[in-house]
Amino acid sequence: ALSGLPKAKTMAEYKSRLFMAGFGDDDDVVKFTERGLGDDVSKYSWIPVQEDGDYVNKIITWNEQLIVFKRRSTHVLTGDTPQTFRLRKRANFGCLAPRGVSVGGNMLLFFSEYGVEDLNRLEADVTSMHVPLSEPINSLILAHSDAEKIAAVGWFEENKHFFQIGDTVY
């Protein structure tokens, strides 16, 4: 059993460290353990994620990066040690549905306020206009209630992406 673990809403392993987020009072930080601590995770450091009143709702390791989602922004952490960790903003929109984040092949898909997004398709310049992957069916997706969108679930099956919002699977 792990000892000293703070209660977090989301966790991911990155570079042999446990990263955690979603702590109530510290919702805009990502905490991480020292490297190779085994079961004792009581010693940890933290990284602030754009202190803007929004909260971190999902973190996931993907393509040698830690992806940090807030509801209104997306960030990427790179580096191997706390001294080389670099957090940069990837998009001015984030993840609306934490359970909707899904990985298949080299794709990481997530549900933003604009529809289904592919992290690969996001421009490095966060001011650039973008078109969500789901643009052809966005009128159907965005017609769902906010509660249904926040509870949406995404998954890959046989190289196809599926997204369930309410009782509808796309």
Side-chain angles (χ1 to χ4, degrees), residues 1-24 26-52 54-113 115-124 126 130 132-133 150-164:
L2 295 175
S3 62
L5 185 67
K7 291 185 179 185
K9 293 178 186 167
T10 181
M11 295 184 211
E13 185 274 332
Y14 174 69
K15 302 294 182 181
S16 299
R17 298 171 191 275
L18 180 62
F19 282 75
M20 305 159 282
F23 301 99
D26 289 331
D27 279 344
D28 60 351
V29 301
V30 174
K31 295 180 180 179
F32 59 94
T33 63
E34 292 182 15
R35 187 177 212 138
L37 281 179
D39 288 345
D40 181 11
V41 294
S42 61
K43 299 175 185 174
Y44 51 85
S45 299
W46 57 276
I47 300 169
V49 184
Q50 187 181 352
E51 298 174 30
D52 58 0
D54 196 4
Y55 59 91
V56 176
N57 63 359
K58 180 71 174 178
I59 56 176
I60 186 170
T61 303
W62 179 72
N63 280 357
E64 298 295 316
Q65 307 168 92
L66 184 75
I67 311 303
V68 179
F69 290 107
K70 294 178 101 175
R71 287 189 58 153
R72 295 184 298 271
S73 58
T74 302
H75 307 264
V76 177
L77 180 77
T78 56
D80 294 323
T81 66
Q83 293 76 28
T84 62
F85 287 158
R86 180 173 168 240
L87 185 69
R88 63 184 168 81
K89 189 173 187 178
R90 182 74 186 263
N92 284 324
F93 52 88
C95 176
L96 191 60
R99 292 179 42 212
V101 176
S102 52
V103 175
N106 69 342
M107 297 177 77
L108 187 152
L109 302 183
F110 63 100
F111 188 57
S112 80
E113 62 186 303
V116 177
E117 309 282 357
D118 177 356
L119 193 66
N120 285 322
R121 293 180 63 192
L122 300 183
E123 296 295 326
V126 296
H130 79 284
L133 188 64
I150 290 168
V153 178
W155 71 94
F156 277 89
E157 188 175 308
E158 297 179 10
N159 294 323
K160 293 179 185 171
H161 182 255
F162 295 90
F163 212 84
Q164 181 173 349

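As a basis for the values below, the full set of heavy atoms in this structure was taken, side chains included, without hydrogen atoms, waters or symmetry mates.
Environment of CG in N159: sparse, with no more than 12 heavy atoms of neighbouring residues, nucleotides or ligands closer than 6.0 Å.
Taking every heavy atom of both residues into account, S112 and G94 meet most closely at CB-O, 3.1 Å. Pairing each heavy atom of L66 with each of V30, the nearest pair is CD2-CG1, 4.5 Å. Here the closest heavy-atom approach between residue K89 and residue S73 is recorded as CE-CB, 3.9 Å. Of all the heavy atoms in H75 and L87, the pair that sits closest is CB-CD1, 3.8 Å. Nearest heavy-atom pair, K70 versus V49, reported as atom, atom and distance to 0.1 Å: NZ-O, 2.7 Å. Smallest separation of non-hydrogen atoms from D118 and L133: CB-CD2, 4.2 Å.
For the atom pair CZ of F111 and CG of L96, the computed distance is 6.0 Å after rounding to the nearest 0.5 Å. For the atom pair CH2 (W155) and NZ (K160), the distance works out to 13.0 Å, reported to the nearest 0.5 Å. In this structure, F156 CZ and F163 CZ are separated by 11.0 Å, a value rounded to the nearest 0.5 Å. The CG atom of L119 sits 4.5 Å away from the CZ atom of R90 when rounded to the nearest 0.5 Å.
Between W46 and F23, every side-chain heavy-atom pair lies at or beyond the 4.5 Å cut-off. The shortest side-chain heavy-atom distance between M20 and T33 falls under the 4.5 Å cut-off. The shortest side-chain heavy-atom distance between L108 and V101 falls under the 4.5 Å cut-off. Side-chain contact between K9 and P98: absent, with no pair of heavy atoms (C-beta onward) separated by less than 4.5 Å.
Ring geometry, F32 versus F19: the interplanar angle falls under 30°, so the pair is classed parallel (tilted spans 30 to 60°). Ring-plane geometry between F110 and F93 is classed as parallel, the angle between the planes falling under 30 degrees on a 0 to 90 degree scale with a further cut at 60.
Looking only at distances, no side-chain donor or acceptor of R88 sits under 3.5 Å from a matching main-chain atom of T78. Under the 3.5 Å distance criterion, the side-chain polar atoms of T61 are matched with a main-chain donor or acceptor of E13.
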query: What do the steps show when you test I67 against I59 for side chain to side chain contact (heavy atoms under 4.5 Å, CB included), and what is the final call?
result: CA-CA 6 Å; I67 311 303; I59 56 176; over 6 Å; no
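Using a 4.0 Å cut-off between charged nitrogen and carboxylate oxygen, R71 and D54 do not count as a salt-bridge pair.
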